[in-house]
**Student:** 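One structure, as structure tokens, below. Some questions next.
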Amino acid sequence: MARYITTTLPYVNADPHIGFAVELIQADILTRIWRQSGETVFFNTGTDEHGQKILQTSEKEGRDIHEYVDHFAAEFERLNGTLGISNSAFVRTTNPAHIEAAQEMWRRCHAKGDIYKKAYSGLYCVGCESFKTEKDIEDGRCMIHTHLELQEIVEENYFFRLSKYQDAILEYLDRPNVIVPEWRREEALNFVRGGLEDFSISRDVSKLTWGIPVPDDDTQVMYVWFDALTSYISTLGWPSDPAGNFETYWNEGKILQLAGKDQVRFQSVMWQAMLMSADIKNTDQVFYHGFINSGGQKMSKSLGNVISPYELVEKYGREVTRYLLLRHVHPVEDSDVTWERMDEWYTANLVNGLGNLVSRVMKLAETHLSEPVQLTPYDTRVEEPFIKLINVYEFQQAMDLVFDHITKGDEYMTTYEPYKKIKDPETEDDARTHITQLVRHIAKIAAHLESVMPETSTAILTAVRSNTKPENLFPRLPA
RNA sequence: AGCGGGGUAGAGGAGUGGUACCUCGGGAGGCUCAUAACCUCCAGACGCCGGUUCAAUUCCGGCCCCCGCAACCA
């Protein structure tokens, strides 16, 4: 079966966040597992590059806007390489093809009667150049620009008739697996039952200049939704579909989206309503992951507790970063990571665990076996329970399964003492049998790690096939 | 106000209607193939109060704390 998987598109206004790295890695592991089992997978990610905030930042830095977003897009694309992400496409919302798709999406919803213009009034802060809602206001003033009067501004914007889709969305959310975890589906249902209001989908061109023009109205520019969300299908070539990817992966394939837990109303409500309006098939499933905190607090620049994915890769390398973010970050709950704990996990599980086991086994094999152990198909087959756990996003449990085998290997070594038996001619053959078993055992472990740590997996299998003890797979951290 | 999540050994985390698991840390042994690694044993925990049940940490209700969200800010 064909499968489509996409991450959300990060807004390029800031450096890549560790939370997004988790999303990429989860998507990548799923993709690799599926590809291993012979499925064809289209794995999309990319960047969301429009918006006044981005334009302002570029101007503040005195940079050309195009050059500015190119820079950030390149930065995010580099992250994929850095993390070893096997994505099929990288969509940018500034791509001409995407811009056309967003406009076509708009036209279709408009033709359906789901887009209308209405006056919108709000308190506008000249300092922020944006409308303020109640919680941004203190003593009648914007909290950031307390010296400026807020202005009551009335402007016309386009709205999307979300309210019309209330029942249809409830029906959609009634399908058991459209949202994982299940309790977020309840959350979404509650939200929708509370009543859906139409939402504004454009801004006056005087307020928002860096965005996709609204078709047939040059006074208005699309505000985020039709722009960003449409990228999930524009990346497949929708609407013209020159390569047939939209047909294969969206219409005929199974559609999975990954997103952060705050995205429920956008991905599972607004976007789904937009798809309904445009008569396009809905997303089959959205998986919502949790957030990552550090030291019990949200990561923030002011607290100085931000851990960037690049720092992780710099310290531990790509493979270990993938391991850490997959095994020690809860799939759906919020998690807390600190450098101290990551060091601990690295040393305990990879240095002392996996790395050491491979060393001790391969040293014995290299010394006492005259030729490489012949691996059977069983030895390198990934077991069903592991695949099942990955498919239901139980990444930690899947990894626990693999790491149990590392402990088992160490126990086996202690129980049968091949290093001792090999010295006695009486038990020498016995010892060789045990060593062979151990070699096959680490090959099995390596096979299971292929999707998570592809290079490590290969290194172990290469060692096994050449019957040589490899260099230390995981160097000890400096004291 | 409301909605959602959580409170598990000294620390950080999994998990489950019936011997509660992992990592670090503490104590006592063992081993020497290995990256001063590995193995064994010991001490130590399910926020509080009710209910359902033969049996609850796990299900239900209440309470107390913590944390998010609260609509166009991951």
Side-chain angles (χ1 to χ4, degrees), chain A residues 8-11 13-14 16-20 22-23 48 51 53 130-131 133-136 160 162 181 183-184 186-188 190-191 193-201 223-225 259-266 269-270 289-293 296-299 327-338 340-341 343-368 394 396-397 399-400 403-404 406-407 409-423 431 434-435 438 469-477:
Chain A
T8 47
L9 304 196
Y11 196 51
N13 201 35
H17 190 276
I18 188 172
F20 181 61
V22 170
E23 196 172 309
D48 176 13
K53 236 185 249 175
S130 67
F131 285 96
T133 52
E134 266 181 52
K135 65 184 159 124
D136 303 317
F160 176 76
L162 182 63
W183 48 268
R184 288 220 182 274
E186 296 293 338
E187 200 178 297
N190 271 336
F191 168 69
R193 286 189 191 114
L196 293 176
E197 285 176 28
D198 298 346
F199 58 99
S200 95
I201 52 174
Y223 176 73
V224 64
W225 311 116
K261 65 174 188 181
D262 59 333
Q263 290 285 310
V264 177
R265 59 189 53 166
F266 307 126
V269 179
M270 286 186 191
H289 62 255
F291 284 174
I292 298 183
N293 300 318
Q297 287 169 303
K298 255 184 168 174
M299 286 191 197
R327 176 144 192 236
H328 297 285
V329 166
H330 190 105
V332 297
E333 303 285 350
D334 286 0
S335 299
D336 194 284
V337 300
T338 60
E340 198 184 10
R341 256 175 267 139
D343 284 356
E344 196 178 299
W345 296 327
Y346 172 69
T347 302
N349 301 307
L350 297 180
V351 180
N352 296 347
L354 180 58
N356 184 240
L357 179 66
V358 170
S359 287
R360 59 196 307 208
V361 169
M362 287 317 297
K363 173 67 177 180
L364 288 173
E366 182 183 69
T367 313
H368 303 293
E394 294 287 2
Q396 289 183 313
Q397 286 187 44
M399 293 300 280
D400 285 349
F403 277 73
D404 271 353
I406 294 170
T407 304
D410 281 325
E411 287 170 6
Y412 186 99
M413 188 76 86
T414 307
T415 305
Y416 296 101
E417 301 176 308
Y419 45 84
K420 195 182 278 182
K421 287 184 176 153
I422 198 76
K423 290 170 185 164
H434 291 314
I435 294 169
L438 282 162
K469 174 182 177 297
E471 285 302 298
N472 285 355
L473 259 24
F474 304 103
R476 206 157 279 282
L477 291 169

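Here is how names work: the chains are called A, B, and so on, in the same order as the sequence lines, proteins then strands, and each is numbered from 1. None of these values were measured; they are calculated from a predicted model.
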**Student:** Using a cut-off of 4.0 Å on non-hydrogen atoms, how would the nucleic acid contact of A:N293 be classed: base, sugar-phosphate, or nothing?
**Tutor:** nothing
**Student:** Can any side-chain N or O of A:H289 pair as donor or acceptor with the backbone N or O of A:E23 at less than 3.5 Å?
**Tutor:** no
**Student:** Using purine N1 to pyrimidine N3 plus N6-O4 or O6-N4 for Watson-Crick, or N1-O2 and O6-N3 for G-U wobble, both under 3.5 Å, which nucleotide pairs with B:rG26?
**Tutor:** B:rC42
**Student:** Rounded to whole Å, please give me the gap between CZ in A:F191 and C1' in B:rC3.
**Tutor:** 11 Å
**Student:** May I ask you to say whether A:E344 pairs ionically with A:R341, meaning some side-chain N is under 4.0 Å from a carboxylate O?
**Tutor:** no
**Student:** Should A:Q396 be listed as having a side-chain N or O under 4.0 Å from OP1 or OP2 of B:rG13?
**Tutor:** no
**Student:** Quick check on RNA chain B: between A:L354 and A:E23, whose nearest nucleotide comes earlier from the 5' end?
**Tutor:** A:L354
**Student:** With a 3.5 angstrom cut-off on both distances, give the Watson-Crick or G-U wobble partner of B:rG68, or none if there isn't one.
**Tutor:** B:rC3
**Student:** With P as the reference atom in both, quote the distance from B:rA70 to B:rG61 in angstrom, rounded to an integer.
**Tutor:** 26 Å
**Student:** Write down the distance separating the P atoms in B:rC48 and B:rC42, rounded off to the nearest Å.
**Tutor:** 26 Å
**Student:** Okay, side chain of A:S335, backbone of A:I292: is any donor-acceptor separation there less than 3.5 Å?
**Tutor:** no
**Student:** Can you tell me if A:D48 uses its side chain to pair, donor with acceptor, with the backbone of A:L9 under 3.5 Å?
**Tutor:** no
**Student:** Distance check, C1' atoms only: B:rA37 and B:rG5, in whole angstrom units.
**Tutor:** 40 Å
**Student:** Does the side chain of A:M413 come within less than 4.5 Å of A:P418's, by heavy atoms?
**Tutor:** yes
**Student:** What is the nucleic acid contact for A:N356, judged by heavy atoms within less than 4.0 Å: base, sugar-phosphate only, or nothing?
**Tutor:** base
**Student:** Please state whether the phosphate of B:rU35, meaning OP1 or OP2, lies under 4.0 angstrom from any side-chain nitrogen or oxygen of A:K469.
**Tutor:** yes
**Student:** Within the 4.0 Å heavy-atom criterion, would you say A:E333 contacts the bases, only the backbone, or no part of the nucleic acid?
**Tutor:** sugar-phosphate
**Student:** Is there a donor in the side chain of A:Q263 and an acceptor in the side chain of A:T8, or the other way round, less than 3.5 Å apart?
**Tutor:** no
**Student:** Give me the distance, rounded to whole Å, that separates B:rA36 from B:rC24 when you measure between the P atoms they each carry.
**Tutor:** 16 Å
**Student:** Regarding A:E344, tell me which of base, sugar-phosphate or nothing describes its non-hydrogen contacts under 4.0 Å with the strands shown.
**Tutor:** base
**Student:** Considering every strand shown, what is the Watson-Crick or G-U wobble mate of B:rA74 when both distances are under 3.5 Å?
**Tutor:** none
**Student:** Rounding to an integer number of angstrom, what distance separates B:rA56 and B:rG18 when you compare their C1' atoms?
**Tutor:** 9 Å
**Student:** Can you check whether A:H330 has a side-chain N or O nearer than 4.0 Å to OP1 or OP2 of B:rA14?
**Tutor:** yes
**Student:** Under a 3.5 Å limit for both distances, which nucleotide forms a Watson-Crick or G-U wobble pair with B:rG17, could you say?
**Tutor:** none
**Student:** Which part of the nucleic acid does A:S359 contact within heavy-atom distance under 4.0 Å: base, sugar-phosphate only, or nothing?
**Tutor:** base
**Student:** Over all strands shown, is A:I435 touching base, sugar-phosphate only, or nothing at heavy-atom distances under 4.0 angstrom?
**Tutor:** nothing
**Student:** Taking a pair as Watson-Crick or G-U wobble with both distances under 3.5 Å, which nucleotide is matched to B:rG50?
**Tutor:** B:rC60
**Student:** Roughly how far apart, to the nearest Å, are B:rG12 and B:rA71 at atom C1'?
**Tutor:** 35 Å
**Student:** Students often get this wrong, so: under 4.0 angstrom with heavy atoms, is A:N472 touching a base, only sugar-phosphate, or nothing?
**Tutor:** base
**Student:** Say whether, by atom type as modelled, one donor and one acceptor occur between the side chain of A:K421 and the main chain of A:Y416 under 3.5 angstrom.
**Tutor:** yes
**Student:** Looking at side-chain heavy atoms only, is the closest gap between A:V358 and A:P470 below 4.5 Å?
**Tutor:** yes
**Student:** Is the shortest side-chain heavy-atom distance between A:W225 and A:F199 below 4.5 Å?
**Tutor:** yes
**Student:** Base, sugar-phosphate, or nothing: which does A:K423 touch, judged by heavy atoms less than 4.0 Å apart?
**Tutor:** sugar-phosphate
**Student:** Take the protein atom CG of A:N352 and the nucleotide atom C1' of B:rA36, then report the distance between them rounded to whole Å.
**Tutor:** 10 Å
**Student:** For the P atoms, the ones on B:rC59 and on B:rU23, what distance do you get once it is rounded to whole angstrom?
**Tutor:** 26 Å
**Student:** Answer with base, sugar-phosphate or nothing: what part of the nucleic acid does A:E340 contact at a heavy-atom distance below 4.0 Å?
**Tutor:** nothing
**Student:** Which of these nucleotides, B:rA74, B:rC33, B:rG13, is closest to any side-chain atom of A:D336?
**Tutor:** B:rG13
**Student:** Taking the six-membered ring for Trp, does A:F291 stack with B:rA74 (centroid gap under 5.5 Å, planes within less than 30°)?
**Tutor:** yes
**Student:** A:L162 or A:V361: which one's nearest nucleotide on RNA chain B is closer to the 5' end?
**Tutor:** A:V361
**Student:** OP1 or OP2 of B:rA37 less than 4.0 angstrom from a side-chain nitrogen or oxygen of A:R476, does that happen here?
**Tutor:** yes
**Student:** Taking B:rC60 as the reference, what is the distance to B:rA11 when you measure between their C1' atoms (whole Å, please)?
**Tutor:** 33 Å
**Student:** Would you tabulate the pairs of protein nitrogen or oxygen atoms and nucleotide nitrogen or oxygen atoms of nucleotides 59-62 of chain B closer than 3.5 angstrom?
**Tutor:**
none

**Student:** With a 3.5 angstrom cut-off on both distances, give the Watson-Crick or G-U wobble partner of B:rA36, or none if there isn't one.
**Tutor:** none
**Student:** Nearest whole angstrom, please: distance from the C1' of B:rC31 to the NZ of A:K420.
**Tutor:** 7 Å
**Student:** Rounded to whole angstrom units, what separation is found between the CZ atom of A:R265 and the C1' atom of B:rG4?
**Tutor:** 11 Å
**Student:** Tell me what A:F403 touches on the nucleic acid: a base, only sugar-phosphate, or nothing, going by heavy atoms under 4.0 Å.
**Tutor:** nothing
**Student:** Can any side-chain N or O of A:N293 pair as donor or acceptor with the backbone N or O of A:D336 at less than 3.5 Å?
**Tutor:** no
